[in-house]
J.: 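One structure, as structure tokens, below. Some questions next.
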Protein chains: 2
Amino acid sequence: MPDSSTPPPTGRQLYLPELPRLIPVAYHANAVQLETASNNWVRRFLGDCFAGEEELLRFLRQRNGLYGPLTVPNAEPEKALCVSDWYQLVNAVETIGAGSLLGGVVAGVKDGDSAGQPESSYLNAARDLFGRLVVGLSQAQRERLDQGLAALHAEVVSAVPALPPTDAPDLDTCLDRRAARMRYRVLGLLTEYAAAVDMSPFVGTPEFRELQAHACRQMIIVSDLLSYRTAQRKTTPMNSVRLLNERDGLPLQDAVDRLCELVEQYERAYIGARSRILATPLGNHPETRVYLVGLDQLVAGSQEFAYITPRHFGDGAVWDGTRSGWYSVDEPVTRLHRTDDHS
Amino acid sequence: MPDSSTPPPTGRQLYLPELPRLIPVAYHANAVQLETASNNWVRRFLGDCFAGEEELLRFLRQRNGLYGPLTVPNAEPEKALCVSDWYQLVNAVETIGAGSLLGGVVAGVKDGDSAGQPESSYLNAARDLFGRLVVGLSQAQRERLDQGLAALHAEVVSAVPALPPTDAPDLDTCLDRRAARMRYRVLGLLTEYAAAVDMSPFVGTPEFRELQAHACRQMIIVSDLLSYRTAQRKTTPMNSVRLLNERDGLPLQDAVDRLCELVEQYERAYIGARSRILATPLGNHPETRVYLVGLDQLVAGSQEFAYITPRHFGDGAVWDGTRSGWYSVDEPVTRLHRTDDHS
């Protein structure tokens, strides 16, 4: 129960347990400067896509510019900035709901020129971003990026259908479908880009596909756990907590507890799959080792980011490092009431 | 004039010029983590001093926890955290207007025990903070800290009087008085603390007093320039822009331009005074050189912080690295409209 020294929270209560955090997180040494620079990029290239200054500021308060510093903490600053800008672009498109505009952007960037494409801020932004990205990529990686962009287009134009949870497929099927989506495929590619390695010959092998599948499931469930309060009001994308609660009939707290167990299960499965790769001849390859460190940082950094971003805890939230506690699912900003703090 | 691609700002317009920035700024490699840890400290020790959760979050959104990472960027993380916590404590006391409570805190901390002092969150916070601080200080520095705390008490209890600007003393007198205040004296001491040097024998010499005076004036004016919009509504403390405008009758833009010239003048005077110290025998002393680097970082970091903190640009602001531009002094959040961005 909440610490008696804190005011009792109101509304329906939910307890967010500590997550295992078996993989250590690292921050880029230039994290603050990179976030500022990425915010500058958003204002410059995407500023006029928002309904107004207040909407733009609300978006910037999500701190998406920290995603690069958290997921590629050892990268050259300009590469970490690219990852932040990519993350901002994807989230801006989603926030603004501008999927229909993105077809031209994808086609324009993919064809290498914008002939026949209407000029748009998105096109300019994508052109600037991918112009910087492709410099560090092999031909095979460029083709994978193109596929990722095409998938981005498909994903944004025909997003996850807004089903009532009772009509949705089960958790396992949902996780598979979401893990297959572009966002996670491109993240793996950006991990290679930031670490300056090319894993194109290997990413399709069963060993790596298994590794990536565990990582994806861990990342999706962590994000769903921390964003449940805001996800309640949405019809899409399907949130794992809602699926177990509304589709499968688990009480809310049981759904959360079950998903926390799954986070640990997938995290351990990821670590096991990584160990098995390291034990094969491929594991002796320096690029493999660098890539696996990068994947660790992607998983651990995404989890840290999920606590930091006010997108999950609510606009106006400021993270103070608290990772567990009771909170009201009906309040506009998630406040985790610590149970172990009696100072 | 504002870039035609941005919506024209409304209300009275003011142009904030680029400041000279002759001293390079540095960020602590753990800046984000330190800010989070300092926010945790505020919630733990001072959380119940705020009127409610929303007031606490509004305070945390000021990002005062970045002050340590910006002003002592090379310090051990726990020392940078102390500087952040100090800065948060002083600003929390000011924000909450709890000066009257602070007498007991100062006496309690100074006497080394809290006998006869009513228990309070402030006392607990100060005890925790100064318990960590004094470990790194010499006896002479501890005495200087005591003097600083007594001055803090005097400053907070009998703050700068809320005069109408026309009754205020002139800019020069105001700057002298403000530079003499505790806040700046303790900052110099924290610079020594973070750099693990003891300048007690020297800080009172004319050479160092001159150096510190130039640094203080630069810091005060920079802060006043960036906080003018919010300072308009306050009666105290006296803001330099308001003094020149309301007391001396300078048009607002002329006042800003004049103060920008003064920033450069004091910055150059500071650099000159530093060079003269380095040319003396004292300048060969390693501790002197370390201390002077620390003062540089204090001046440059305070300036960077002044752009970042939403305390100056308004709650909800997110800095994107823009340092100059037109803005409306009547809008709730300062937005600098760039004039050189025609992309």
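Each chain gets a letter, A, B and so on, in the order its sequence line appears, and its residues count up from 1. Just so it is clear, the values below take in all heavy atoms, side chains as well, and ignore hydrogens, waters and symmetry mates.
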J.: Can you see which heavy atom on A:Ala31 is nearest to which on B:Val32, and at what distance?
T.: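 Nearest heavy atoms, A:Ala31 then B:Val32: CB-CG2, 3.7 Å.
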
J.: To the nearest 0.5 Å, how far apart are CZ in B:Arg335 and CG in A:Leu56?
T.: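 Spacing of CZ (B:Arg335) from CG (A:Leu56) equals 7.5 Å.
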
J.: Let me know if A:Arg43 has heavy atoms under 4.5 Å from chain B in its side chain, its backbone, both or neither.
T.: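 Looking at A:Arg43, just its side chain touches chain B.
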
J.: Donor-acceptor pair, distance only, cut-off 3.5 Å: does the side chain of B:Arg61 make one with the backbone of A:Val318?
T.: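 No, because the side chain of B:Arg61 does not come within donor-acceptor range (under 3.5 Å) of the backbone of A:Val318.
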
J.: List the atom pairs, with distances to 0.1 Å, where a side-chain N or O of residues 18-27 of chain B and a protein N or O form a donor-acceptor pair under 3.5 Å, not counting sequence neighbours.
T.:
from    : atom 1 : to       : atom 2 : distance (Å)
B:Glu18 : OE2    : B:Ser324 : OG     : 3.3
B:Tyr27 : OH     : B:Glu304 : OE2    : 2.5

J.: Under the salt bridge (Lys or Arg N to Asp or Glu O under 4.0 Å) rule, collect the residues that match up with B:Arg58, sequence neighbours excluded.
T.: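 By the salt bridge (Lys or Arg N to Asp or Glu O under 4.0 Å) rule, B:Arg58 matches B:Glu55, B:Asp315.
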
J.: Strictly by salt bridge (Lys or Arg N to Asp or Glu O under 4.0 Å), give each pair with a member in residues 67-92 of chain B just once, sequence neighbours left out.
T.: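 Passing the test, one end in residues 67-92 of chain B: B:Asp85-B:Arg132.
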
J.: What part of A:Val42 gets within 4.5 angstrom of chain B, counting heavy atoms only: side chain, backbone, both, or neither?
T.: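 No part of A:Val42 comes within 4.5 Å of chain B.
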
J.: If we check side-chain contact (heavy atoms from CB on, under 4.5 Å) with B:Trp319, which of these qualifies: A:Leu60, A:Thr36, A:Asn40, A:Asn39?
T.: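 So, applying the side-chain contact (heavy atoms from CB on, under 4.5 Å) to B:Trp319 and each of A:Leu60, A:Thr36, A:Asn40, A:Asn39, only A:Thr36 qualifies.
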
J.: Identify the residues of residues 63-73 of chain B whose heavy atoms come closer than 4.5 Å to a heavy atom of chain A, ordered by number, or report 'none'.
T.: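 At a heavy-atom separation under 4.5 Å, chain A is reached by B:Arg63, B:Leu66.
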
J.: Does any heavy atom of chain B fall under 4.5 Å from the side chain of A:Glu53, the backbone, both, or neither of them?
T.: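 For A:Glu53, side-chain heavy atoms alone lie under 4.5 Å from chain B.
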
